Amino acid sequence: MMETLSGMGLAGGLMDFENRVAMVTGGTGALGGAVTMDLLGAGARVAVTYRSEDEWAALEKRAAEHRNRLVGAKVDLTKAGEIGAFVAEITGRWQRVDFLVCVAGGFAAGKSYETDEQTWDKMFNLNLRTVVVCLRAVVPPMIRQNFGRIVTVSSGAILRGGGAGIAAYAVSKGAVQQLTEILADEVKNYDIRAHSIMPGTMDTDANRRSMPKADFSKWVKTEDVARVISWLLSGDARAVRSVVVPVLG
């Protein structure tokens, strides 16, 4: 079983990811962008998937002097052919893929007995199927190179049996956590580690717009979540095979 960490000490300063190759799904969004910038700042070469051309253009601008170590592709993460082609591009360009960070996903509210089938399907496609498709493309090259670090994003909303009123979202995110646990055991002989983080409500522009009366000071910063992810990818966490990490702010 995964160990659950309620907190951990992160060393100050940037991690050293020089010559490492990372793939970040949803790498232009609020959390994905923070993860991408953290990895670039630590010397990694980063490949991101995106859906919005405007977000991609903004990330390219943010990357600044690191732009030569950033590539991106507009792909449908539920389509195995598109992800397979992108991973082939990554390995063709940089000969390997060391890190996979699965950030992309979606949200929908609704009670279990009121949520329609379309919404159930959408949540499982966006939150679980996207992870499965990426694993099918990325894990085989990780096994061949005998190294890999994988971080998936579950949700702090499902802690302690939570999820009432957001049933389809909560169940799909719970499945992501369980899948990560299974994966970690399957690849433990290839120096591949798989972890899952459980962020609380993150301080993003979208969340501020949807919950304008909330106390934003209690929300976790995307940059702080990104730092936890970087630690899990780093050599400092090499002895940790698989953990679930609540990141609640």
Side-chain angles (χ1 to χ4, degrees), residues 1-10 15 22 24-27 29-36 38-39 77 99-110 112 123-132 134-135 149-185 192-204 206-208 210-211 214-234 236-237 240-249:
M1 296 292 292
M2 285 187 176
E3 179 185 358
T4 299
L5 302 185
S6 59
M8 65 178 126
L10 302 181
M15 302 294 176
V24 182
T25 70
L31 176 57
V35 171
T36 297
D38 207 52
L39 292 171
L77 290 170
F99 306 148
L100 171 63
V101 185
C102 296
V103 178
F107 176 83
S112 58
M123 287 297 94
F124 272 84
N125 279 331
L126 292 178
N127 293 327
L128 182 61
R129 183 181 178 86
T130 56
V131 176
V132 172
C134 288
L135 292 178
R149 300 291 183 264
I150 298 167
V151 178
T152 64
V153 178
S154 180
S155 173
I158 67 174
L159 285 168
R160 295 178 291 277
I166 52 172
Y169 170 79
V171 172
S172 65
K173 284 296 192 178
V176 169
Q177 179 183 323
Q178 185 174 17
L179 172 63
T180 307
E181 179 178 356
I182 292 168
L183 172 69
D185 198 46
I192 299 173
R193 307 287 188 259
H195 311 290
S196 189
I197 65 166
M198 305 178 75
T201 302
M202 288 183 282
D203 190 0
T204 67
N207 282 340
R208 287 189 178 216
S210 65
M211 294 175 278
D215 183 352
F216 305 149
S217 67
K218 295 183 178 179
W219 292 353
V220 63
K221 303 295 185 183
T222 55
E223 293 82 3
D224 291 337
V225 180
R227 290 296 293 150
V228 174
I229 291 172
S230 288
W231 185 84
L232 290 170
L233 298 173
S234 75
D236 289 344
V240 183
R241 179 184 298 169
S242 190
V243 291
V244 175
V245 187
V247 189
L248 305 177

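Remember, predicted model here, so these are calculated numbers, not experimental data. FYI, the numbering just counts along the sequence from 1.
Shown here for G174 and I158, the closest heavy-atom pair between the two residues is CA-CD1, 3.6 Å. Of all non-hydrogen atoms in L31 and T222, the two that sit nearest each other are CD1-O, 3.8 Å. Taking all atoms of both residues into account, the shortest heavy-atom contact from A108 to M123 is N-SD, 3.5 Å. Residues S196 and T152 approach most closely at OG-OG1, 3.2 Å, considering heavy atoms. The heavy-atom pair separating G27 from T36 by the smallest distance is O-OG1, 3.2 Å. Taking both residues in full, the closest heavy atoms of P199 and L248 are given as C-CD2, 4.3 Å, listed atom of the first, atom of the second, then distance.
Proximity of a side-chain donor or acceptor of S234 to a complementary backbone N or O of W231 within less than 3.5 Å is detected. With hydrogens and angles disregarded, no donor-acceptor distance shorter than 3.5 Å links the side chain of T130 to the backbone of L77. The backbone N or O of W219 sits nowhere less than 3.5 Å from a side-chain atom of D203 that would complete a donor-acceptor pair. Proximity of a side-chain donor or acceptor of K221 to a complementary backbone N or O of A226 within less than 3.5 Å is not detected. Checking side-chain atoms of S154 against main-chain N and O of I197 turns up no donor-acceptor pair under 3.5 Å.
The shortest distance between side-chain heavy atoms of V228 and V151 does not fall below 4.5 Å. Using a 4.5 Å heavy-atom threshold, the side chains of L232 and R149 count as separate. Between V24 and F99, every side-chain heavy-atom pair lies at or beyond the 4.5 Å cut-off.
Atom-to-atom distance recorded for S242:OG and I192:CD1 is 12.5 Å, nearest 0.5 angstrom. Here CD of Q178 is found 10.0 Å from CG of L128. Values are rounded to the nearest 0.5 Å. Annotation: the span from M202 atom CE to E223 atom CD amounts to 11.0 Å, rounded to 0.5 Å. The line from CG of D185 to CZ of R241 is 7.0 Å long, rounded to the nearest 0.5 Å.
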Mind running side-chain contact (heavy atoms from CB on, under 4.5 Å) on S230 and L39 for me, showing each step along the way? CA-CA 7 Å; S230 288; L39 292 171; 4.3 Å; yes
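Between H195 and the choices I229, V240, I150, T180, the side chain to side chain contact (heavy atoms under 4.5 Å, CB included) rule is met once, by V240.
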